[in-house]
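The structure appears right after this line, and notes come after that.
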Amino acid sequence: MRNSEIAALFREMANLLEIQGGDAFRIRSYEQAARTLEEMTEQVALLAGEGKKLTDLPGIGKSHAEKIEEILKTGTCARLEELRKALPPGITELLRLKGVGPKKVKVLWERLKISTLEQLKAAAEAGKIRGLPGMGEKTEEHILKSLKTVAAQAGRISIHEAVEIVGELGRYLDLQKKIIKRWTVAGSFRRRVETVGDLDVLIEAADRAAATEAIGGFAGLAEITERGPEKLEAALKGGFQVDFRFFEAENFGAALQYFTGSKAHGIACRKIAQQKKLKLNEYGLFRGEKSVAGRNEEEIYEKLGLEFVPPELREDRGEVEAAAAGKLPELIELADIRGDLHAHTKETDGHDTIAAMAEAARQRGYQYLAITDHSQSLTVARGMDEKRLDKHAEAVRKVGAGLKDFMLLAGIEVDILKDGRLDLAESALKELDWVIASVHSYFEQSEAAMTERIVRAVSSGAVHCLGHPFGRLIGQRDPLVFDVDKVFAACKKHSVALEINSHPDRLDLPDVYCQRAKEMGLKMVISTDAHRTLDLGLIEHGVWVARRGWLSKSDVLNTATAAAFRKAIARS
DNA sequence: GCCGTTTTCGGCCCGACTGTTTTCAGTCG
């Protein structure tokens with residue numbers, strides 16, 4: 001059983017326990033265990049199989065370790081079944097509704113035997129919710145409204161969509177300069193998490209009433225759902241939620257630190273504050289009543305005895321300890337990227353010509369670009385056979401020869417076939433400057449078969465880079481299942497780099513695996529998989545993933561100058 | 001239920017808003 005599946009069971013236990021009114025700290029321990037399972041890069045089944053101590057994992061003690069073992073053996077555990085017996089399956093669905101928490105779910109179940117969203121809708125429409133303890137007409141209205149939002153919205157949006165929303169909102173807020181002195185987006189958006197559930201916008205304004213008015217004038221806004229002197233909750237057209245919070249200049253840094261999160265990072269920081277007899281909240285860092293920091297984030301971290309932690313690292317994955325020891329990595333930046341190593345043209349499924357792609361890369365200030373069209377078995381993309389490849393490579397070299405101070409690499413994205421062979425003759429591939437190997441078919445193979453398949457491909461001697469290693473499409477297709485250690489070790493042995501594919505639907509390698517690969521001494525490349533000139537701009541998404549994965553400039557091959565890069569990939 | 005440079009017991013982050021109350025519980029971030 002996979003970590004994510006076990007984690008889901010722990011979350012279910014946490015939710016059921018919460019509805020039953022269990023101890024809050026115990027509930028949190030189940031959630032913490034789920035989080036650990038979701039974020040770890042090793043499969044816990046493997047660790048258990050090797051007899052490793054699961055209690056060494058953060059948030060996993062004796063009791064949770066036993067539950068995990070039990071789940072691995074039987075698919076469930078006694079505690080979960082016991083909880084499920086007391087409450088109907090699926091009742092935790094109700095917790096998805098805004099304004100409906102464990103206490104209300106409990107009342108709904110005990111009084112009206114409501115356990116599904118459908119039943120709740122019927123009861124609310126029939127006016128049966130009002131009159132329940134702690135609930136009135138407003139609660140009923142809110143439930144009906146929230147049911148609509150849940151139905152209409154899948155929930156989280158991609159960071160790419162979020163960037164567009166922030167752009168639009170930001171242009172509007174900038175026009176309100178006289179009223180809104182400063183605004184900035186905190187939350188998961190600022191941490192550049194791959195998907196974003198809502199936006200947290202911090203506002204500095206002398207006249208909050210006027211600022212509220214101004215925000216209400218934003219054309220993209222559907223309605224303001226909550227308004228107080230400190231905060232404003234709004235829904236955009238399309239249902240996406242944006243929270244606005246007001247702060248003064250002397251608190252702004254503390255607010256930014258607090259609302260950037262993550263929750264776990266914030267808790268870790270507040271614990272450190274406690275140890276130093278300080279109190280950290282969204283208004284500042286306090287000794288007793290006296291504020292010792294708050295105007296900017298830098299001074300807060302400094303007073304906590306920590307290096308400044310870049311937002312992308314704030315996930316409580318070791319960054320607080322590293323910051324305390326002064327050992328945070330110097331993260332890669334967008335400006336470090338000197339070339340793109342994955343681009344398609346009209347020859348297969350791209351939209352632009354070789355020359356257009358090269359020119360666009362040059363315009364970005366790059367020193368090089370690899371043209372990497374598809375191979376024959378990807379028929380939907382009109383993939384090339386050896387003959388076409390030969391001609392195409394020649395065309396690429398010809399365009400490249402006409403470019404001054406720019407290196408155009410003739411490459412390919414070759415399919416890794418079902419059995420791990422490459423889709424084109426190795427002799428043909430070895431003529432090329434840059435070879436990416438990718439899985440585009442048979443995603444459902446067993447772990448053993450998939451591992452062997454990829455290991456065989458990267459061991460061929462013809463491959464420079466493993467393209468979008470996990471093959472996932474966020475929210476659409478699950479990642480491939482293979483033995484990460486074995487595949488990474490094979491890549492290391494054969495000097496094959498791992499691609500961080502910057503496409504917002506992929507973001508693959510995922511951040512936690514960047515960290516793992518780095519620890520194993522592997523090199524990464526950040527590429528866009530561009531299918532048109534405009535796509536080259538997606539590179540920033542890959543850089544964000546790399547930053548979230550603790551990568552420095554030196555971990556990423558395409559930060560090298562053209563000359564150094566060519567040397568690095570030269571075939572022996 | 002977890003965890004330990006004040007601890008193997010007694011802690012466990014902190015504040016705002018809403019609705020239903022008549023002083024606060026529930027929910028959220």
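Keep in mind that the numbers below use all heavy atoms, side chains included, and drop hydrogens, waters and symmetry copies. Below, chain A is the first sequence line, B the second, and so on; all start at residue 1.
When atom types are taken as modelled, the side chain of K52(A) and the backbone of L46(A) share no donor-acceptor pair closer than 3.5 angstrom. For N15(A) (side chain) and E12(A) (main-chain N/O), no donor-acceptor pair under 3.5 Å exists by modelled atom type. Using a distance-only test at 3.5 Å, with no hydrogens or angles considered, a donor-acceptor pair links the side chain of K303(A) to the main chain of V292(A).
Within the nucleic acid shown, E137(A) comes within 4.0 Å of sugar-phosphate atoms alone, with no base atom in reach, counting heavy atoms only. If you check every strand for non-hydrogen atoms under 4.0 Å, Y30(A) touches sugar and phosphate atoms only. Nucleic acid contact class of P133(A) (heavy atoms, under 4.0 Å, all strands): none. L97(A) comes within 4.0 angstrom of the backbone, heavy atoms only, and of no base. Using a 4.0 Å heavy-atom criterion, one finds that D23(A) contacts the bases of the nucleic acid, with or without backbone contacts as well.
Under the Watson-Crick and G-U wobble criteria, each requiring two contacts below 3.5 Å, nucleotide dA16(B) is paired to dT27(B).
Residue D200(A) places its side chain closer to dG29(B) than to any other of dC17(B), dG1(B), dG29(B).
Residue R270(A) has no polar side-chain atom (N or O) positioned under 4.0 Å from OP1 or OP2 of dC13(B). For T139(A) and dT18(B), the shortest distance from a side-chain N or O to OP1 or OP2 is not below 4.0 Å. Look at R28(A) and you'll find a side-chain N or O under 4.0 angstrom from OP1 or OP2 of dC13(B). Between H142(A) and dG19(B) there is a side-chain polar atom (N or O) within less than 4.0 angstrom of OP1 or OP2.
Less than 4.0 Å separates DNA chain B from no heavy atom of any residue of residues 179-193 of chain A. Within residues 49-67 of chain A, the residues approaching DNA chain B are L57(A), P58(A), G59(A), I60(A), G61(A), K62(A), S63(A), H64(A), K67(A), by heavy-atom distance under 4.0 Å. Against DNA chain B, the stretch residues 274-283 of chain A makes heavy-atom approaches under 4.0 Å through Q274(A), K277(A), K279(A), L280(A), N281(A), E282(A), Y283(A).
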Validation: residues 120-134 of chain A side-chain donor-acceptor distances under 3.5 Å, sequence neighbours left out:
from    : atom 1 : to      : atom 2 : distance (Å)
K121(A) : NZ     : E125(A) : OE2    : 3.4
R130(A) : NE     : E140(A) : OE1    : 3.0
R130(A) : NH2    : E140(A) : OE1    : 2.8

Table please: side-chain donor-acceptor pairs of residues 537-549 of chain A below 3.5 Å, with sequence neighbours left out.
from    : atom 1 : to      : atom 2 : distance (Å)
R547(A) : NE     : E312(A) : OE2    : 2.7
R547(A) : NH1    : I332(A) : O      : 2.8
R547(A) : NH2    : E312(A) : OE1    : 3.4
R548(A) : NE     : D511(A) : OD2    : 2.9
R548(A) : NH1    : R191(A) : O      : 3.1
R548(A) : NH1    : E315(A) : OE2    : 2.9
R548(A) : NH2    : E315(A) : OE2    : 3.3
R548(A) : NH2    : D511(A) : OD2    : 3.2

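Between R79(A) and E82(A) there is a salt bridge, since at least one side-chain N of the basic residue sits less than 4.0 Å from a carboxylate O of the acidic one. For the pair E31(A) and K263(A), the salt-bridge criterion is not met [side-chain N within less than 4.0 Å of a carboxylate O].
Rounded to a whole angstrom, the distance from the C1' atom of dC3(B) to that of dT8(B) is 9 Å.
A cation-pi arrangement is present between R192(A) and F189(A) under the rule of less than 6.0 angstrom and at most 45 degrees off the ring axis.
For H160(A), there are no side chain to side chain donor-acceptor pair (under 3.5 Å) partners two or more places apart in sequence or in a different chain.
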